[in-house]
Amino acid sequence: MVASNYRIGIIGAGASGVYLAILLIRQGFQVTLFEKAPYPRTYGCGIFVVQSGMKALYQGVPEICQNIINLGVAVKTFEFRNLRGGLINSESVTYEENELPGILIHRKTVLETLLDALPSDCLRFNAEFKSVTQTDGKVIAEFKDGSSWEGDLLVGADGILSKVRPFVASGIELCYLGDIVWRGVVGDQVFCPEGHFIVYARGRGIYANFYKIDSDRTHWGFFLEKEQEQSEVGLINPHNTTIPPAELAKLPDDARAVIESTPAQQMVCHYSHDIELLPQIVQGRIVLIGDAAHAKSATRSKGMASGWEDALSLSRYLTADADIPAALEHFQSERLPIVHEYQRTSREISQKIGRRHKIG
């Protein structure tokens with residue numbers, strides 16, 4: 001098998017990087033997955049994996065897809081409420097026989113499921129990427145601890161703050177979308193019915209959402225439009241992560257109680273960003289996937305799903321074509337228009353639902 005002669009390095013052991021590693025290893029490639037943290041990054045809160053993401057899992061590794069279905073909750077109803085708790089609209093979700101559902105699940109559960117399918121000897125921790133050079137058909141990655149790796153292809157799967165991205169497309173900055181987001185996971189047996197995705201609307205946009213991620217726990221998100229302080233421009237996390245009490249008080253008592261009962265260690269807070277459309281996601285033998293290539297607003301819930309789509313597409317081209325540059329050219333030709341459309345429409349929705357910040 002030609003694949004067994006190729007060495008592929010992947011920077012970033014998040015959902016996209018781990019899934020790509022699994023696919024490539026199963027095709028016989030020699031894969032090393034580099035993670036800057038000293039342990040797997042399984043932190044986070046709930047996530048809605050849309051059907052396109054489930055399809056990308058099923059087409060690559062059906063058993064992983066089935067495990068995600070078994071461990072999560074199939075979305076059955078989207079319910080929209082006003083800030084007084086009154087029902088605005090309710091939309092039921094129906095599935096055809098054998099149709100893959102959209103899944104509500106904890107991000108930690110997703111990452112642990114993927115990592116369980118990954119050979120542990122391919123994963124290298126405490127490996128913070130520094131730089132990369134290309135020469136004579138090879139790629140050499142340098143790491144901050146002084147170590148290096150040489151291979152045939154380097155994949156940047158290191159997220160919105162990608163350190164690999166500048167070696168593919170320079171000058172790409174974070175674009176603030178105008179709101180600060182709090183998310184949390186808390187035990188809940190009363191408030192949120194299983195399979196319901198509950199949205200509290202304010203004006204044209206979302207003020208908060210809630211959904212069950214398993215039989216015992218509910219994920220919530222709280223969204224507040226806010227001008228970014230000049231000292232925090234470019235930062236992912238604000239200095240002050242406290243939810244303003246006056247804003248939280250706008251929610252009905254039962255919804256507010258779910259958020260207020262959440263321990264601090266089960267909450268995250270960040271500014272919402274995307275990035276501009278990259279003119280390319282391939283440079284020589286370096287390629288970007290996932291948020292490193294096309295970080296976008298969460299309005300279409302395409303973040304994790306599109307990273308898995310990237311991984312499936314890239315693995316197929318690399319398996320089908322013995323020439324890596326040709327495989328990368330085909331991958332870019334297929335994926336770039338698709339992810340650009342995801343980015344454009346996600347940002348358009350963000351702008352339509354009340355974000356005050358002027359983008360672009």
Side-chain angles (χ1 to χ4, degrees), residues 43-48 78-89 104 107 160-161 173-186 188 191-192 196-211 213 217-275 291 295-303 346-360:
Y43 53 82
C45 295
I47 188 168
F48 176 28
F78 289 97
E79 187 174 298
F80 299 87
R81 303 176 182 178
N82 60 34
L83 294 185
R84 297 184 300 277
L87 182 65
I88 299 173
N89 187 33
L104 308 169
R107 183 182 181 277
I160 190 171
L161 297 177
E173 303 290 343
L174 295 182
C175 299
Y176 179 48
L177 294 172
D179 58 357
I180 185 172
V181 181
W182 291 266
R183 291 188 174 92
V185 172
V186 66
D188 167 37
F191 174 73
C192 192
H196 283 232
F197 193 116
I198 300 172
V199 173
Y200 286 87
R202 50 103 173 91
R204 296 170 296 167
I206 297 172
Y207 200 76
N209 62 30
F210 299 81
Y211 53 82
I213 56 173
R217 296 177 298 173
T218 288
H219 164 94
W220 56 264
F222 188 79
F223 310 86
L224 181 63
E225 293 183 358
K226 185 180 186 299
E227 294 297 330
Q228 206 171 20
E229 299 292 338
Q230 189 62 37
S231 63
E232 297 189 343
V233 171
L235 298 183
I236 294 294
N237 306 110
H239 295 145
N240 182 1
T241 59
T242 302
I243 302 177
E247 297 294 340
L248 190 58
K250 295 177 183 178
L251 282 175
D253 291 346
D254 54 354
R256 185 174 69 253
V258 172
I259 296 176
E260 290 177 336
S261 68
T262 308
Q265 65 270 23
Q266 294 169 207
M267 298 171 56
V268 297
C269 176
H270 62 84
Y271 286 119
S272 180
H273 292 90
D274 67 6
I275 61 173
D291 281 352
K296 62 191 76 63
S297 159
T299 53
R300 291 188 61 189
S301 300
K302 282 286 191 179
S346 295
R347 182 180 283 189
E348 286 169 4
I349 294 171
S350 287
Q351 292 174 316
K352 288 178 181 177
I353 61 176
R355 302 325 190 219
R356 293 191 304 262
H357 187 75
K358 300 300 182 182
I359 307 169

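Remember, predicted model here, so these are calculated numbers, not experimental data.
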All salt bridge (charged side-chain N to carboxylate O under 4.0 Å, His left out) counterparts of Arg183, not counting sequence neighbours |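 Arg183: no salt bridge (charged side-chain N to carboxylate O under 4.0 Å, His left out) contacts found.
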Please list, chain by chain and in numerical order, all residues satisfying salt bridge (charged side-chain N to carboxylate O under 4.0 Å, His left out) with Arg300, sequence neighbours excluded.
->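 Expected list: Glu341.
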Among residues at least two apart in sequence or on other chains, which ones pass side chain to side chain contact (heavy atoms under 4.5 Å, CB included) with [X]?
{"X": "Thr262", "answer": "Val186, Trp220, Gln266, Met267"}
{"X": "Leu83", "answer": "Tyr200, Arg202, Tyr207, Lys250, Leu251"}
{"X": "Asn82", "answer": "Arg84, Ile88"}
{"X": "Thr241", "answer": "Pro238, Cys269"}

Between Asp179 and Lys226, is there a salt bridge with N-O shorter than 4.0 Å?
-> no
Can you establish whether the number of heavy atoms outside Glu173 located under 6.0 Å from its atom CD is more than 12?
-> no
Nearest atoms (heavy-atom pairs only) where [X] meets [Y]:
{"X": "Val268", "Y": "Cys45", "result": "CG2-SG, 3.9 Å"}
{"X": "Gly85", "Y": "Arg81", "result": "O-CD, 4.1 Å"}
{"X": "Val181", "Y": "Ser272", "result": "CG2-CB, 4.2 Å"}

Would you please classify the geometry between the Trp182 ring and the Phe222 ring as parallel, tilted or perpendicular, with 30° and 60° separating the classes?
->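 Ring orientation of Phe222 relative to Trp182: tilted.
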Can you tell me how far CD1 of Ile180 sits from CD of Gln228, rounded to the nearest 0.5 angstrom?
->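 The CD1 atom of Ile180 is 9.0 Å from CD of Gln228, to the nearest 0.5 Å.
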Going from CD1 on Ile275 to NZ on Lys296, what distance comes out if it is rounded to the nearest 0.5 angstrom?
-> 8.5 Å
If we only count heavy atoms from C-beta on, is the Ile236 to Tyr271 side-chain gap below 4.5 Å?
-> no
Is the closest side-chain heavy-atom distance between Ile198 and Asn209 below 4.5 Å?
-> no
Report the residues that fulfil side chain to side chain donor-acceptor pair (under 3.5 Å) with [X], sequence neighbours left out, ordered by chain and then residue number.
{"X": "Ser297", "value": "Thr299, Ser350"}
{"X": "Asp188", "value": "Thr218"}
{"X": "Asn240", "value": "Thr242"}

Partners meeting ring-ring contact (aromatic ring centres under 6.0 Å, His included) with His273 (sequence neighbours left out) |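 Result, ring-ring contact (aromatic ring centres under 6.0 Å, His included) vs His273: Tyr176.
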Please list, chain by chain and in numerical order, all residues satisfying ring-ring contact (aromatic ring centres under 6.0 Å, His included) with Phe80, sequence neighbours excluded.
->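 By the ring-ring contact (aromatic ring centres under 6.0 Å, His included) rule, Phe80 matches no residue at all.
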What's the verdict on side-chain contact (heavy atoms from CB on, under 4.5 Å) for His219 and Cys192, showing C-alpha distance, side-chain angles and the deciding distance?
-> CA-CA 9 Å; His219 164 94; Cys192 192; over 6 Å; no
Verify side-chain contact (heavy atoms from CB on, under 4.5 Å) between Leu161 and Leu174, making sure each step is shown before the conclusion.
-> CA-CA 8 Å; Leu161 297 177; Leu174 295 182; 3.7 Å; yes
Ring centroid separation Phe210 to Phe191 under 6.0 Å =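 For Phe210 and Phe191, the ring centres are under 6.0 Å apart.
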Determine which pairs satisfy salt bridge (charged side-chain N to carboxylate O under 4.0 Å, His left out) with at least one residue from residues 256-272, sequence neighbours left out, and list them in order.
-> Asp253-Arg256, Arg256-Glu260
Under the 3.5 angstrom rule, does the side chain of Glu79 hit a backbone N or O of Leu87 as a donor-acceptor pair?
-> no
Check for a donor-acceptor pair, side chain of Asp274 on one end and backbone N or O of Ala295 on the other, with a separation under 3.5 Å.
->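 Between the backbone of Ala295 and the side chain of Asp274 there is no qualifying donor-acceptor contact (under 3.5 Å).
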Take Val199 and Phe78 through the test side-chain contact (heavy atoms from CB on, under 4.5 Å) and record every step on the way to the result.
-> CA-CA 8 Å; Val199 173; Phe78 289 97; 5.8 Å; no
